[in-house]
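Notes to accompany the following structure.
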Number of protein chains: 2
Amino acid sequence: MTHPLTLHLGSFIPLSAEEKTLLVDRAKVRQVKRREKILLAGEVCQHYSFVVEGCFRLFGVDDRGFEHNIQFAAENDWIADIGSFHTQKPSQLNIEALEKSSIFQIKQQDLYYLYTHVPKLNLIFKVLIELKYIEIQNRVLQNFSSTAEDRYLAFLDQYPNLSNRLPNTQIASYLGITPEFLSKIRKNIQLRG
Amino acid sequence: MTHPLTLHLGSFIPLSAEEKTLLVDRAKVRQVKRREKILLAGEVCQHYSFVVEGCFRLFGVDDRGFEHNIQFAAENDWIADIGSFHTQKPSQLNIEALEKSSIFQIKQQDLYYLYTHVPKLNLIFKVLIELKYIEIQNRVLQNFSSTAEDRYLAFLDQYPNLSNRLPNTQIASYLGITPEFLSKIRKNIQLRG
DNA sequence: GTTTACCCTTAATCTAGTTTAAGAAATCAG
DNA sequence: CTGATTTCTTAAACTAGATTAAGGGTAAAC
C-alpha cells in the first residue's frame, strides 16, 4: 500500500494520490546481486537509485588501479553519480552492491518528465542534492582531521550501523588507508580504551 | 545597465525585465578588504555571495588549529557554505577574501522569497548546486590521485588562472600538504621538465 | 556441508611527506 | 618610498602510513 518511495519523498513535502501514481509508475523495482555493478565508469549514469534493502558503494579507480570509496548508501538512501546524471557525460565512478539488494530506479528522462508534471519534485530533489552536498563536504572536512585514527573514530560516529556491516577493506578504502593499517589502529584503540 | 548578477543567472535561463528587477532589488553590493572574513565558523551562513571582482577561499580549521582550504571562488563564481545556508545551522567553515574584492550578496530569506516569486530561480539554483556538487566530488577524486605531485599537476590544469594569483601557502593548504613540500615538488618538476 | 574465495591480523622494512629552522625574496600599508 | 610583514626556498631529522609477506579465520557458493 504505502510504496517505500512515496513514503520517503512524501516525508519532505506531502504528495497527493495523483502525484504518487505518476511517481510510482516511473520507478522500476530491481533486484541486485552482491558484487553486481549498477554503474560502470565510462557509462553515463542514467538512474537515480533508491535503496529499499541492502547496501551500495560509490567508488573511483586511480591510475594505479586502486579503488577508493567515496560514499556508502544503505536503506532509505539514494545513490547516483549526480554529476554524470545531470550533465549526461560519462561517469568516472562505479556503483556496486556490497550486499544482495533491492532498489527502485528512476530514469533521467522520467525524472525530468516528473519535474514538469509534479513541480514540487523540483524542490524535493533540490533538498536531496543539498543533503548529498553536505554529506560530501563533511567527508572533505573529515579527511582533514589529521590522523587516520581520528578519521576512523569519526567514521564510527557517523555510521554506527555500517561499521559492523561492512568488511574492513571497504572501510579502509573509504578512510584512504590500507586494511593493514586499519588493523593496527583497531589494536591501538583496544589497548588503550 | 547589464547587472553582473542578472547577466550571470540569465545565462542559465533568460530572465524578464520584471524578474531582473526583483532579483537586483534583493542583491546588496559589498566591498571586502583583503583578509576580511565574510563567514566565521560558529555563525550561520546567511548569504549566497556572487564574486564580481577578487577572490575568496572557503576553509575549515582542524583540532590542531591548522587551516584547510576546501574551495576557491574568483570572478563570476558563487561562494557560501551551502550546508549551513540551507539548514540554518552554525557553519564549521570560514570564508575569507584573498584579495580586495567586490561581491553581491543575497540573504537567505530573500532567496526563499525569490524562489516563490521567480520560480525559475528554483531550477537555476538547483543547477548551481549541482555544479558545486560536481566540483567538490572532483576534489574528492583528485585527492585520490596518489602522489602530491599528481594532485599539484591536476590543480594547475584545473585552475590555470588561479595558480599565478594565489600564494603557495594557499595552494598547499588546498592540496593538503605543507608549503615546504610544495617547494620541493616545484623544484623536482623544474629539474625534469 | 564442504571447498573455495575472501578477509583479518601481525610484523619487518621502507618511503612520502612533516617538522623545525633560518636566510633570501617579494609584497603591502602607511 | 620605505619598513614591516608575509612568503619562498633549502636542508636535516623525523614519523605516519605503505608495502610485502605469511598464517589463521570466516563466510559464500556450489
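By convention in this document, chain letters (A, B, ...) are assigned in the order of the sequence lines, proteins followed by strands, and residues within each chain are numbered from 1.
Nucleotide dC8(D) holds its P atom 14 Å from the CD atom of Gln190(B), rounded to whole Å. When the P atom of dT18(C) is taken as reference, atom CG of Leu175(B) falls 10 Å away, rounded to whole Å. A straight line from CZ of Arg165(B) to P of dT27(C) spans 15 Å, rounded to a whole angstrom. To the nearest angstrom, P of dC8(C) lies 8 Å from CD1 of Ile171(A). Rounded to whole angstrom, the span from the NZ atom of Lys187(B) across to the P atom of dG17(C) amounts to 17 Å. The separation between Asn164(A) atom CG and dC7(C) atom P is 16 Å, rounded to whole Å. Leu166(A) has its CG atom 18 Å from the P atom of dC6(C), to the nearest Å. For the pair Tyr152(B) OH and dG17(C) P, the computed distance is 15 Å after rounding to whole Å.
Checking the phosphate oxygens (OP1, OP2) of dT6(D), no side-chain nitrogen or oxygen of Asn168(B) falls inside 4.0 Å.
For the pair Glu130(B) and Lys126(B), the salt-bridge criterion is met [side-chain N within less than 4.0 Å of a carboxylate O]. Using a cut-off of 4.0 Å between Lys/Arg side-chain N and Asp/Glu carboxylate O, Arg30(A) and Glu36(A) are scored as salt-bridged.
The minimum heavy-atom distance linking Leu9(A) with Leu121(A) is given by the pair CD1-CD2, 4.2 Å. The two residues Leu166(B) and Cys55(B) come nearest to each other via the heavy atoms CD2-SG, 4.0 Å.
In this pair, Phe50(A) and His8(A) present their aromatic rings tilted. The plane angle is within the 30 to 60° band.
Checked against the 6.0 Å centroid threshold, His3(A) and Phe104(A) count as a close aromatic pair.
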Q.
One character per nucleotide, please: for nucleotides 14-30 of chain D, 5' to 3', B when the base has a protein heavy atom closer than 4.0 Å, S when only the sugar-phosphate does, - otherwise.
A. ---BBBBB------S--
